[in-house]
Amino acid sequence: MSDSPANEDSRRVYFPDSDHNFPDEKLNAVLEYILDDEEIAAYLEAQNVNAVDRMQYNDHGGKHIEIVRNRALCLYDLLKAGGVEFNGARQQGLDEADESVIVALAATLHDVGHVVHRDSHAYYSIPLAADILERILPEFYDVGDTVRMKGEILHAILCHHTAETPLTTEAGVIRVADALDMESGRSRIPYEYGGRGINTLSSQAIKRVSLQPGDTTPVMVEIEMTNAAGVYQVDNLLKAKLKDSGLEEEIRIVALNTNENHEQLVERIEL
C-alpha cells in the first residue's frame with residue numbers, strides 16, 4: 001500500500017492487489033468470498049432501516065461497513081508497518097495472517113445488531129454475527145481454529161461501541177475505525193430528512209479523513225473540516241473511541257479547518 005500523494009486513495013481504501021506490511025493472501029480470499037455473500041448483503045441493507053429510516057441517525061448500512069472495513073485495514077497496515085504488535089490471533093495460537101481476517105470480518109459484521117434495535121446494538125450483533133461466522137469460517141479453518149477465530153471476531157464486535165475495554169489490538173483497530181467514518185456523506189440521508197442533531201451537523205462539517213504514517217507515531221489521522229461543528233466528531237466521538245482502545249500511543253489525530261471564506265473559531269486541533 002503506497003502512501004504517496006500520487007495514490008491518495010491508498011490512505012483510505014484497502015486494495016487487495018497492492019503490497020502490504022502483512023501476509024494478505026488469506027485475507028484477500030476471505031474478502032472475495034464475503035463480498036458475494038447474499039446473507040451478509042441482506043443484513044447490510046436491513047440494518048440501516050432502524051438507524052436511518054426510523055431514527056434519522058447517520059448511515060449504518062452497506063456504505064458505512066465498506067468505509068469502516070477499508071479504514072480498519074488501512075489502519076492495521078500502518079500499525080504493522082510501525083512495528084505495533086497484535087495479540088489477538090497470536091494468543092489463540094493462530095497465524096499472523098489471521099489478524100487481518102479478524103479485523104475484516106469484525107468490521108463487516110459489527111453493526112448487524114441494528115436489525116434488532118439501535119440501542120445496545122453491539123450486544124444484538126453477537127448472536128447474529130456468530131451464526132454468520134459459523135457458516136463462513138469453516139470454508140477457511142478447521143473446527144478448532146473456527147472456534148478461536150469466532151471468539152476473537154466477536155470480541156472485536158462487542159468492544160466497538162460499548163463500555164467494554166478491548167483486550168486485543170485487533171479489537172482496538174475496530175473501535176477506532178468505526179469512528180473514522182465521519183465524513184459529510186454519511187449524514188446525507190438524515191440531513192435531507194430534516195435531521196439537525198449534533199451528529200448530523202458535525203458530520204456535515206467533515207470534508208475528508210485520511211490515514212498516513214506519522215512523524216512521532218505509527219499513524220496520523222488527518223481530518224479536514226469546513227467549520228467548527230466538526231470538532232464534535234473529532235473530540236466527542238473519535239477521541240472517545242481512541243480512549244481505552246489500546247492504541248492511544250500509536251495514533252495521532254490532527255484536525256484542520258480548511259474553510260477560508262469565513263472567520264475560523266477553530267483552525268487546528270491535535271489529539
Side-chain angles (χ1 to χ4, degrees), residues 1-3 7 9-45 47 61-81 84-112 125-126 128-158 160 168-178 180-181 211:
M1 181 181 300
S2 169
D3 290 297
N7 194 7
D9 280 347
S10 66
R11 300 179 180 181
R12 301 153 52 82
V13 178
Y14 172 80
F15 295 107
D17 293 335
S18 297
D19 294 329
H20 302 110
N21 297 290
F22 60 90
D24 60 9
E25 184 175 355
K26 182 179 286 187
L27 167 66
N28 293 340
V30 171
L31 285 175
E32 184 177 3
Y33 186 89
I34 65 172
L35 291 178
D36 291 329
D37 189 87
E38 184 177 359
E39 183 182 14
I40 291 177
Y43 267 111
L44 298 188
E45 180 179 357
Q47 70 194 39
K63 189 61 178 178
H64 170 63
I65 296 304
E66 178 186 355
I67 291 171
V68 171
R69 184 172 56 232
N70 275 306
R71 302 283 166 86
L73 290 172
C74 290
L75 177 57
Y76 171 74
D77 193 39
L78 287 170
L79 291 169
K80 293 292 284 188
V84 175
E85 293 189 4
F86 283 71
N87 65 311
R90 173 175 55 79
Q91 290 176 332
Q92 290 285 7
L94 297 162
D95 295 331
E96 181 185 8
D98 298 317
E99 297 170 354
S100 58
V101 177
I102 292 168
V103 169
L105 287 175
T108 301
L109 300 174
H110 76 278
D111 271 346
V112 294
S125 291
I126 296 302
L128 298 175
D131 286 346
I132 298 171
L133 292 171
E134 287 171 4
R135 176 174 57 81
I136 291 174
L137 290 173
E139 298 290 330
F140 303 93
Y141 297 93
D142 63 21
V143 173
D145 285 350
T146 290
V147 170
R148 296 177 180 90
M149 287 292 294
K150 182 169 68 172
E152 293 304 312
I153 294 164
L154 294 178
H155 173 73
I157 290 173
L158 181 66
H160 88 271
T168 69
T169 318
E170 290 93 330
V173 166
I174 298 303
R175 188 184 184 100
V176 174
D178 186 41
L180 292 176
D181 180 16
L211 300 166

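What you see is a predicted model, and the numbers here were worked out from it, not measured in a lab.
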(request) Looking only at non-hydrogen atoms, find the nearest pair between Ala72 and Val173 and report the distance. (result) O-CG1, 3.5 Å
(message) Would you compute the distance between atom CZ of Arg71 and atom CG of Asp178 and round it to the nearest 0.5 angstrom?
(response) 11.5 Å
(request) Sequence neighbours left out, what passes side-chain hydrogen bond (donor to acceptor under 3.5 Å, both in side chains) with Lys80? Give chain and number order. (result) Glu96, Glu99
(message) Taking ring-ring contact (aromatic ring centres under 6.0 Å, His included) as the definition, give me every residue that meets it alongside Phe22, ordered by chain and number, with sequence neighbours left out.
(response) His20, Tyr76
(request) Please list, chain by chain and in numerical order, all residues satisfying salt bridge (Lys or Arg N to Asp or Glu O under 4.0 Å) with Glu66, sequence neighbours excluded. (result) Lys63
(message) Going by side-chain hydrogen bond (donor to acceptor under 3.5 Å, both in side chains), name the residues that satisfy it together with Lys26, two or more places apart in sequence or in a different chain.
(response) Asp98
(message) Please enumerate all residues that pass side-chain contact (heavy atoms from CB on, under 4.5 Å) together with Thr168, with sequence neighbours excluded.
(response) Asn87, Glu152, His155, Glu170, Ala171
(message) Can you list everything that forms a salt bridge (Lys or Arg N to Asp or Glu O under 4.0 Å) with Glu39? Sequence neighbours excluded, please.
(response) Arg135
(message) Which residues pass the side-chain hydrogen bond (donor to acceptor under 3.5 Å, both in side chains) test with Arg175, not counting sequence neighbours?
(response) none
(message) According to side-chain hydrogen bond (donor to acceptor under 3.5 Å, both in side chains), who are the partners of Asp131, at least two apart in sequence or on a separate chain?
(response) none
(message) Would you compute the distance between atom OG1 of Thr108 and atom CD1 of Ile34 and round it to the nearest 0.5 angstrom?
(response) 3.5 Å
(message) Using the salt bridge (Lys or Arg N to Asp or Glu O under 4.0 Å) criterion, which residues pair with Asp145? Sequence neighbours excluded.
(response) Arg148
(message) Do His64 and Leu44 have side chains that approach each other closer than 4.5 Å (heavy atoms only, starting at C-beta)?
(response) no
(message) Working to the nearest 0.5 angstrom, can you tell me the gap between Ser100 OG and Leu105 CG?
(response) 9.5 Å
(request) Compare every heavy atom of Asp77 with every heavy atom of Asn21, then report the nearest pair and how far apart it is. (result) N-OD1, 2.8 Å
(message) Does atom CD (Glu139) have a neighbourhood of more than 12 heavy atoms from anything else shown, all under 6.0 Å?
(response) yes
(message) List the residues meeting side-chain contact (heavy atoms from CB on, under 4.5 Å) with Leu154, not counting sequence neighbours, and say none if there are none.
(response) Ile126, Ala129, Ala130, Leu133, Lys150, Ile157
(request) Could you grab the distance from atom CG of Leu158 to atom CD1 of Ile174, nearest 0.5 Å is fine? (result) 13.0 Å
(request) Apply side-chain contact (heavy atoms from CB on, under 4.5 Å) to Leu35 and list each qualifying residue two or more places apart in sequence or on a separate chain. (result) Arg69
(request) Check whether any side-chain heavy atom of Ile102 sits under 4.5 Å from a side-chain heavy atom of Phe86, and report yes or no. (result) no
